[in-house]
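Let me begin by presenting the structure, written as structure tokens, before commenting on it.
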Amino acid sequence: MNTLFKDVFGVFKFAEGLYAGIRKILVPPKAYSWQTFIYMSVFSWGLSYFATGYIKDIIAFFGWLFLIAGTAWYTTEDPLRVPGTFMPVGAVITGFLVSVFAFGNQQDVITARTIVFWPTLSALITAIPEFIEGNDTDAKARIPKPQDRQRIIILVASSMLLSCWIQFHFVMDNWLQQYPSLQADTFRRSTFVVRTEEPVKIPRNGAIILEKLQPIVEEEIAKRPWSEVEKWLIPQKDREHRVVTLGREVIQKNLGKYEERKLWRVEPRVDNNKSGYILDLLSIWTGPSSNPRGYYLKKSCRIKQLPATSDSGNKITVADIECDVASKLIPGSPLPQL
């Protein structure tokens, strides 16, 4: 029976201690405390939910300020340091909130700039108290001691370097999204880029250009009179080749969402043989490449004569065309048209 009373008493003591701990956190010991700022931020966000227009933005603005102030106060009362530095973990949390407040938006709370500026803002927040002496009611600016200046400079500089590397990551990621053909290149001579995935064997966008261009060319050549096809293949010197015009249209239609669309161009190469002509469709990359001469993709089409009968019953010669299934990647610049 005594054991049962002890167990029940122990449960009540545990509940009492848990309640006291929660009450200590939730109930401010005085009006001027970090809990007050947190409650004011929650209250401000609640009001902003019912407000509209610029009033909503003003109330939300003060809500962010109260949250940052309350968090900074709470995390600096008994600071836990980041291992190997004198930066408090609270400064890291406060720096994140400041970065979200400054560079976030309603659509994307956490943006690339939020992550990039986070380390630098955390370091600056850590360094600010070193320039202030006194207490909450009597504070004045001061110059840090000589032994403290070095660690402040090292902390801020290393945090800025970290921000630069994070920014470099986002820049590279954006380049690979806007210029996906770079993934087909080699980075063996790079001192700061290491490939972690299997390299792309052929630039996808370059292949798409020829895949979309091929049926258009086939439609314009197949079954047409041979004399018209020869004029189509070898236009007058003052006229642009039809393939070049079609290539621009294909690039604009299929690569419109990529910035690299400006770095691709289409050219034809026409050569005759015993049975007719060979038309090479070239998609040429003019962007950066590990090969100084660049590279291009080629798809060959064989055009030959085919006897046929016209609507009036006369024997005529028309064109037949057959193109390669796949494109070939060729390093270097294409030979000029003879």
Side-chain angles (χ1 to χ4, degrees), residues 172 175-190 193-222 229-230 232-235 237 239-304 319-338:
M172 287 294 297
W175 282 353
L176 294 179
Q177 288 183 12
Q178 294 297 328
Y179 303 89
S181 295
L182 294 175
Q183 300 183 45
D185 215 321
T186 176
F187 297 99
R188 288 179 297 178
R189 291 185 292 178
S190 176
V193 177
V194 178
R195 186 184 293 276
T196 58
E197 300 177 354
E198 288 292 328
V200 180
K201 294 183 179 180
I202 188 170
R204 181 58 185 160
N205 282 344
I208 287 176
I209 294 173
L210 298 184
E211 288 175 4
K212 301 297 183 181
L213 179 62
Q214 174 190 336
I216 300 176
V217 171
E218 290 176 341
E219 184 179 356
E220 295 208 358
I221 290 180
V229 170
E230 287 188 311
W232 192 96
L233 290 172
I234 308 175
K237 292 184 179 181
R239 296 184 60 185
E240 184 178 65
H241 201 287
R242 178 64 174 162
V243 170
V244 177
T245 304
L246 294 175
R248 278 199 300 265
E249 296 175 357
V250 168
I251 291 173
Q252 186 61 37
K253 181 179 179 180
N254 296 277
L255 272 64
K257 64 179 181 179
Y258 299 107
E259 287 294 330
E260 74 169 46
R261 67 183 182 277
K262 305 172 185 177
L263 302 178
W264 286 103
R265 75 172 189 270
V266 173
E267 291 184 6
R269 294 292 185 270
V270 181
D271 192 16
N272 57 356
N273 56 18
K274 295 181 180 179
S275 59
Y277 292 91
I278 296 178
L279 171 63
D280 291 331
L281 304 176
L282 310 180
S283 59
I284 304 172
W285 172 253
T286 61
S289 173
S290 58
N291 186 340
R293 298 178 59 203
Y295 62 83
Y296 64 96
L297 282 78
K298 181 177 76 171
K299 178 172 283 197
S300 297
C301 298
R302 290 159 294 282
I303 304 171
K304 59 182 180 181
D320 182 49
I321 181 172
E322 181 183 0
C323 298
D324 294 339
V325 176
S327 303
K328 298 178 181 177
L329 177 63
I330 303 176
S333 302
L335 297 175
Q337 178 68 56
L338 298 178

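Computed from a predicted model, the values in this text were never measured in an experiment. Heads up: numbering here begins at 1 and tracks the sequence.
Side chain of E259 to main chain of Q178: no donor-acceptor pair is present (N/O by atom type, distance under 3.5 Å, no hydrogens or angles). Looking only at distances, a side-chain donor or acceptor of T286 sits under 3.5 Å from a matching main-chain atom of L263. Of the possible donor and acceptor atoms, one in the side chain of S283 sits under 3.5 Å from a partner among the backbone N and O of G206. In terms of modelled atom types and a separation under 3.5 Å, the side chain of R261 and the main chain of G256 share a donor-acceptor contact.
Residues E218 and C323 have side chains in contact (heavy-atom distance under 4.5 Å, counting atoms from C-beta outward). At a threshold of 4.5 Å between non-hydrogen side-chain atoms, the residues Y295 and P203 count as touching. The side-chain heavy atoms of V217 and W232, taken from C-beta on, include a pair separated by under 4.5 Å. For the pair Y296 and K328, the minimum side-chain heavy-atom distance is 4.5 Å or more.
The pair K212-E249 does not meet the salt-bridge criterion, since no charged nitrogen lies less than 4.0 angstrom from a carboxylate oxygen. A salt bridge links D324 to R302: one of the charged nitrogens lies within less than 4.0 Å of a carboxylate oxygen.
The disulfide bond (SG atoms under 2.5 Å apart) pairs that include a residue from residues 240-287 number zero, where partners must be two or more places apart or lie in different chains.
Separating the CG atom in L255 from the CD1 atom in I209 is a distance of 5.0 Å, to the nearest 0.5 Å. In this structure, CE in M172 is found 12.0 Å from CD in Q177, a value given to the nearest 0.5 Å. Atom CG of L279 and atom CZ of R269 lie 11.0 Å apart (nearest 0.5 Å). Here W175 contributes atom CH2 and L182 contributes atom CG; the two are 8.5 Å apart, rounded to the nearest 0.5 Å. The CG atom of L281 lies 4.5 Å from the SG atom of C301; values are rounded to the nearest 0.5 Å. Put simply, CG on L246 and CD on Q214 are 13.0 Å apart, with the number rounded to the nearest 0.5 Å.
Between L282 and L210, the closest heavy-atom pair is C-CD2, 4.1 Å. The two residues S327 and I202 have their closest heavy-atom pair at O-CD1, 3.8 Å.
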Passes side chain to side chain contact (heavy atoms under 4.5 Å, CB included), L213 versus K299? Steps please. CA-CA 10 Å; L213 179 62; K299 178 172 283 197; over 6 Å; no
Check the pair I221 / L233 against side chain to side chain contact (heavy atoms under 4.5 Å, CB included), numbers first and verdict last. CA-CA 9 Å; I221 290 180; L233 290 172; 4.3 Å; yes
Is there a side chain to side chain contact (heavy atoms under 4.5 Å, CB included) between I208 and N205 once you walk through the steps? CA-CA 5 Å; I208 287 176; N205 282 344; 4.1 Å; yes
Do I321 and Y277 pass the side chain to side chain contact (heavy atoms under 4.5 Å, CB included) test, and can you show the C-alpha distance, the side-chain angles, and the key distance before you say yes or no? CA-CA 9 Å; I321 181 172; Y277 292 91; over 6 Å; no
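Taking the side chain to side chain donor-acceptor pair (under 3.5 Å) definition, one finds that T245 meets it with E240, sequence neighbours left out. Applying the side chain to side chain donor-acceptor pair (under 3.5 Å) rule to W264 yields the partners E260; only residues at least two apart in sequence or on another chain are considered.
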